[in-house]
Colleague: 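Structure in structure tokens, see below.
Note that the structure is a prediction, hence the values are computed from the model and not measured. Whatever order the structure lists them in is the order used to number ligands and atoms, beginning at 1.
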Amino acid sequence: MPNNNEKLNKMKKILADPKHPKEEKTLVLIKPDAVKRGLVGEVIKRFESRGLKIIGLKMVQGTPKDFDKHYPKSKAWITNLGNRTVETYKKYNYSLKKDFGSEDPFKIGKIFRNWLIDLMSSGPVVKILIEGVHAIDNVRKIVGDTQPTFALAGTIRGDFSVDSAGAANKSRRAIHNLIHASGNKEEAKNEIMLWFTPEEISDYKRVEELI
Ligand code: IDP
Ligand code: MG
């Protein structure tokens, strides 16, 4: 068995800046709401049939502590999470004060972060490591908008959910949007480091790479 240092070095090598755009990697978690609806196969199929390569795959039960590490703690990230809802509430004329006791996006974002941790640890998730050309952006496109109400048909969120921030917040829970996908290179690196070990990652060629 490799020791922790060896593992860390191997992961650093796997996550080094890609030599070719097709080596970009991203993390997907099929959320418990999708697992419980039996959508695992459908979701995997969409990434595979688009031409993205699955190089790691496993069902795992995450703890609240795992997800506390997974979601950033920075003020900017939490405020951004809250800000989206401030916008939604304006649009629908809902009262932030009534639902959250505050209009401060940071305070509201902190409440969401806890709902999110509750949702993500409420059942198993399927962790998937995906590699391919612009993997981060292509996966986000296949997944669709954060709010399924606004996600285009043809995306996973747009085809399998109608949930919205308005509906989720009224029920005091995170949006049921089926998938987590890394939002950018930095998130992808941190999240892959958190969820995968070198032994769980496979190296092989898809046929497209051979023709
Ligand atoms: P993303 O999943 O599309 O990257 P983020 O802004 O990173 O969206 O938010 C993380 C998760 O937080 C979302 O997937 C969703 O489950 C939840 N979330 C985002 N905004 C709200 C909200 O207004 N209310 C409840 N949950 C939210
Ligand atoms: Mg995100």
Colleague: Going by an N to O cut-off under 4.0 Å, is there a salt bridge joining R157 and D163?
Modeller: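 Not counted as a salt bridge, because no side-chain N and carboxylate O are separated by less than 4.0 Å.
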
Colleague: For atom 25 (C) of ligand 1, grab the closest protein heavy atom and report residue, atom and distance to one decimal in Å.
Modeller: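 Result for atom 25 (C) of ligand 1: N169 OD1, 3.4 Å.
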
Colleague: May I ask you to say whether D68 pairs ionically with R113, meaning some side-chain N is under 4.0 Å from a carboxylate O?
Modeller: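 Result for this pair is yes, salt bridge flagged.
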
Colleague: Side chain, backbone, both or neither: which part of T88 has a heavy atom under 4.0 Å from ligand 1?
Modeller: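 Contact part for T88 vs ligand 1: neither.
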
Colleague: Verify side chain to side chain contact (heavy atoms under 4.5 Å, CB included) between H70 and L194, making sure each step is shown before the conclusion.
Modeller: CA-CA 7 Å; H70 173 88; L194 183 65; 3.8 Å; yes

Colleague: Considering only protein heavy atoms, which is closest to atom 3 (O) of ligand 1, and at what distance to one decimal place?
Modeller: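 Its nearest protein heavy-atom neighbour is T146 OG1, 2.5 Å.
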
Colleague: When the aromatic ring centroids of F100 and Y94 are compared, is their separation below 6.0 Å?
Modeller: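 No.
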
Colleague: Starting from atom 7 (O) of ligand 1, what is the nearest protein heavy atom, named by residue and atom, and what distance separates them?
Modeller: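 Residue, atom and distance for the closest contact: W77 CZ2, 4.0 Å.
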
Colleague: What protein heavy atom sits nearest atom 23 (O) of ligand 1, and how far off is it?
Modeller: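 It is T85 OG1, 2.3 Å.
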
Colleague: Passes side chain to side chain contact (heavy atoms under 4.5 Å, CB included), N177 versus F160? Steps please.
Modeller: CA-CA 8 Å; N177 58 11; F160 297 105; over 6 Å; no

Colleague: Does CD belonging to E186 count more than 12 external heavy atoms closer than 6.0 Å?
Modeller: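 Not more than 12 within 6.0 Å, no.
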
Colleague: Which bit of R172 gets closer than 4.0 Å to ligand 1, counting heavy atoms only: side chain, backbone, both or neither?
Modeller: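 Neither part.
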
Colleague: Do Q147 and S164 have a side chain donor and acceptor closer than 3.5 Å?
Modeller: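 There is no such pair (donor and acceptor under 3.5 Å, judged by atom type) between the side chains of Q147 and S164.
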
Colleague: Considering non-hydrogen atoms of the protein only, which is the closest contact for atom 18 (N) of ligand 1, and what is the distance?
Modeller: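 That would be I175 CD1, 3.9 Å.
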
Colleague: For atom 15 (C) of ligand 1, what is the closest protein heavy atom, and at what distance to 0.1 Å?
Modeller: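 Heavy-atom neighbour on the protein nearest atom 15 (C) of ligand 1: N177 ND2, 3.5 Å.
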
Colleague: Where on L116 is there a heavy atom closer than 4.0 Å to ligand 1, on the side chain, on the backbone, on both, or on neither?
Modeller: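 It is the side chain that gets close, since no backbone atom is under 4.0 Å.
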
Colleague: Among all protein non-hydrogen atoms, which one is nearest to atom 6 (O) of ligand 1, and what is the separation to 0.1 Å?
Modeller: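 For this ligand atom, the closest protein heavy atom is R84 NH2, 3.1 Å.
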
Colleague: Would you say K31 and ligand 1 have an N/O pair spaced under 3.5 Å apart?
Modeller: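 K31 vs ligand 1: N/O contact under 3.5 Å present.
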
Colleague: Would you say the ring centroid of W195 lies under 6.0 angstrom from that of F67?
Modeller: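 Centroid distance W195-F67: below 6.0 Å, so yes.
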
Colleague: Can you pull out the closest protein heavy atom to atom 9 (O) of ligand 1? Residue, atom name and distance to 0.1 Å, please.
Modeller: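 The closest heavy atom on the protein side is L81 CD1, 3.2 Å.
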
Colleague: Does even one non-hydrogen atom of R140 get within less than 4.0 Å of ligand 1?
Modeller: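 Contact check R140 vs ligand 1: positive.
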
